[in-house]
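Let me begin by presenting the structure, written as structure tokens, before commenting on it.
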Amino acid sequence: MVADMLAGRLHVADRRLRMETVPVPEPDRGQVRIRVEAAGVCLSDVHLIDGTLTPLYLPDDVVTLGHEVAGVVDALGDDVDGWEPGQRVLLQAGERDRVGTVFTRGVDYDGGWAEYAVARQDTIVPIPDDLPFEQACIIPDAVSTPWAAVTDTGRTRPGEAAGVWGVGGLGAHAVQLLRLVGAAPVIAVEPLAAARERALALGADAALDPGDAAFRDAVLELTGGRGLDVAFDFAGVTPVREQALTVLTRRGRLVLAGIANKPVTIASDSTFNYLQQALLGHYGSEAEHVEQLVALAGQGRLNLAASISDVLPLAEAEQAVARVQSKQGNPIRLILNP
């Protein structure tokens with residue numbers, strides 16, 4: 001095979017993304033090499049480039065981006081069992097070491113914005129033959145993060161009223177997943193009219209403008225006067241948290257899945273305590289959440305076709321980043337195809 005490949009490399013020192021030719025990686029003991037077929041472009045990738053996020057465990061100052069990756073098993077390192085070349089797989093978005101430290105693919109070690117990627121064999125998940133690579137690659141993070149927020153952190157039960165603030169790359173999937181687990185009604189909250197229309201197409205029972213003066217009244221009307229059992233902040237902005245707290249019912253939960261790096265203020269602790277409400281932090285997902293979603297997709301319960309906003313060649317990674325950063329076309333996910 002060829003000795004070199006194209007990769008999208010972030011130079012952390014100057015926050016520059018450069019498309020570079022680098023050696024094709026060789027799998028070490030216990031690792032598998034994947035021929036990448038699809039890699040998602042996440043807002044986290046944009047934040048790594050613009051400096052909002054910084055790798056914690058990167059051993060040097062250059063890394064191949066991309067934590068949403070799917071492809072085909074290409075080569076096996078020593079002591080690899082259960083995998084064969086040609087198998088269709090996706091890669092978990094990270095791995096843990098022996099003491100439990102989480103290392104994120106495409107952040108703390110090389111990811112999938114490349115023609116080939118290597119992965120520890122226990123971070124590989126087989127995918128069905130009828131699940132397109134473009135859809136499979138976004139399951140780690142774009143879909144698994146809201147799935148974990150909905151099912152684990154938010155503990156959403158059938159029949160509960162749920163609100164989703166921000167219906168972009170994560171929130172759009174939260175709408176679908178809340179409907180999947182039986183939440184009702186599912187209310188999308190989004191200032192962009194096009195995003196509200198998209199939320200309705202994805203299964204939201206209602207889509208509200210948070211700037212509408214009648215917002216609270218609308219939520220109460222949709223929930224029979226009760227308010228929301230669970231609210232999800234996927235926008236990561238302070239006004240969302242403040243607004244969501246005003247429409248929670250007794251024992252209502254507010255799940256913070258978006259990151260604002262700002263203080264969280266509760267207007268009245270007496271009201272908050274009296275209603276026995278809860279504020280819950282959420283981050284990422286676990287391996288089992290990815291496996292659950294692959295199973296659901298394989299059984300026809302989850303269709304992610306509408307999430308693929310566009311597919312671009314790997315060489316156009318910089319243009320893809322610019323589109324995500326500017327929200328051009330209001331994408332859910334852009335995909336890079338090597």
Side-chain angles (χ1 to χ4, degrees), residues 42-44 93 102 139-191 195 199 202-208 210 215-216 219-220 222-223 226-269 271-273 275-286 288-290 292-293 302 332:
C42 177
L43 189 60
S44 296
V102 178
I139 289 177
D141 191 23
V143 190
S144 65
T145 293
W147 177 246
V150 165
T151 60
D152 274 3
T153 305
R155 305 183 305 279
T156 311
R157 295 182 292 273
E160 288 194 314
V164 177
W165 273 256
V167 288
L170 297 180
H173 293 119
V175 167
Q176 294 173 273
L177 298 168
L178 283 163
R179 190 176 182 91
L180 183 63
V181 301
V186 176
I187 303 171
V189 185
E190 169 64 53
L202 291 172
D205 296 293
L208 304 179
F215 172 82
R216 188 173 186 277
V219 171
L220 293 176
L222 288 163
T223 59
R226 294 183 66 250
L228 299 175
D229 296 289
V230 59
F232 297 89
D233 168 24
F234 287 101
V237 293
T238 298
V240 163
R241 287 97 184 261
E242 295 172 346
Q243 185 175 59
L245 285 168
T246 68
V247 290
L248 286 184
T249 189
R250 179 177 294 276
R251 297 185 183 275
R253 293 95 67 197
L254 170 58
V255 179
L256 305 184
I259 298 174
N261 287 320
K262 301 289 185 181
V264 178
T265 302
I266 297 171
S268 169
D269 59 352
T271 301
F272 186 82
N273 292 348
L275 294 177
Q276 297 178 276
Q277 295 170 336
L279 187 64
L280 303 167
H282 178 79
Y283 186 81
S285 62
E286 300 294 333
E288 62 264 26
H289 297 119
V290 172
Q292 291 163 5
L293 289 162
L302 181 63
I332 296 179

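None of these values were measured; they are calculated from a predicted model. We're numbering straight along the sequence, starting at 1.
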Flag, side chain of [X] to backbone of [Y], donor-acceptor distance under 3.5 Å:
X: N273; Y: D269; value: yes
X: H173; Y: A142; value: yes
X: S285; Y: A148; value: no
X: S144; Y: I139; value: yes
X: T249; Y: R226; value: yes
X: R155; Y: R253; value: no
X: E160; Y: V230; value: no
X: D229; Y: A161; value: yes
X: T153; Y: A149; value: no

Heavy-atom side-chain proximity of [X] to [Y] below 4.5 angstrom:
X: Y283; Y: I259; answer: yes
X: W165; Y: Q243; answer: yes
X: R241; Y: L256; answer: yes
X: T246; Y: F215; answer: no
X: T145; Y: H282; answer: yes
X: I187; Y: T223; answer: yes
X: V175; Y: V167; answer: yes
X: L302; Y: V143; answer: yes

Going from [atom1] on [X] to [atom2] on [Y], what distance comes out if it is rounded to the nearest 0.5 angstrom?
X: T156; Y: F232; atom1: OG1; atom2: CZ; result: 3.5 Å
X: L293; Y: L177; atom1: CG; atom2: CG; result: 6.5 Å
X: L228; Y: L222; atom1: CG; atom2: CG; result: 9.0 Å
X: Q277; Y: L254; atom1: CD; atom2: CG; result: 9.0 Å
X: E286; Y: D152; atom1: CD; atom2: CG; result: 8.5 Å

Heavy-atom pair of closest approach, residues [X] and [Y]:
X: I266; Y: F272; answer: CG2-CB, 3.7 Å
X: G154; Y: V255; answer: CA-CG2, 3.8 Å
X: D205; Y: P185; answer: OD2-CA, 3.3 Å
X: F234; Y: G166; answer: CB-O, 3.6 Å
X: P140; Y: V290; answer: CA-CG2, 4.1 Å

**Message:** Take a 6.0 Å sphere around CZ of R251 and say whether it holds more than 12 heavy atoms from other residues, nucleotides or ligands.
**Reply:** no
**Message:** Show, in sequence, the C-alpha distance, side-chain angles and deciding distance for L180 and Q176, and conclude whether the side-chain contact (heavy atoms from CB on, under 4.5 Å) test is met.
**Reply:** CA-CA 6 Å; L180 183 63; Q176 294 173 273; over 6 Å; no
**Prompt:** L275 and L248: side-chain contact (heavy atoms from CB on, under 4.5 Å), yes or no, with the steps?
**Reply:** CA-CA 9 Å; L275 294 177; L248 286 184; over 6 Å; no
**Residues forming a side chain to side chain donor-acceptor pair (under 3.5 Å) with R179, sequence neighbours excluded** = none
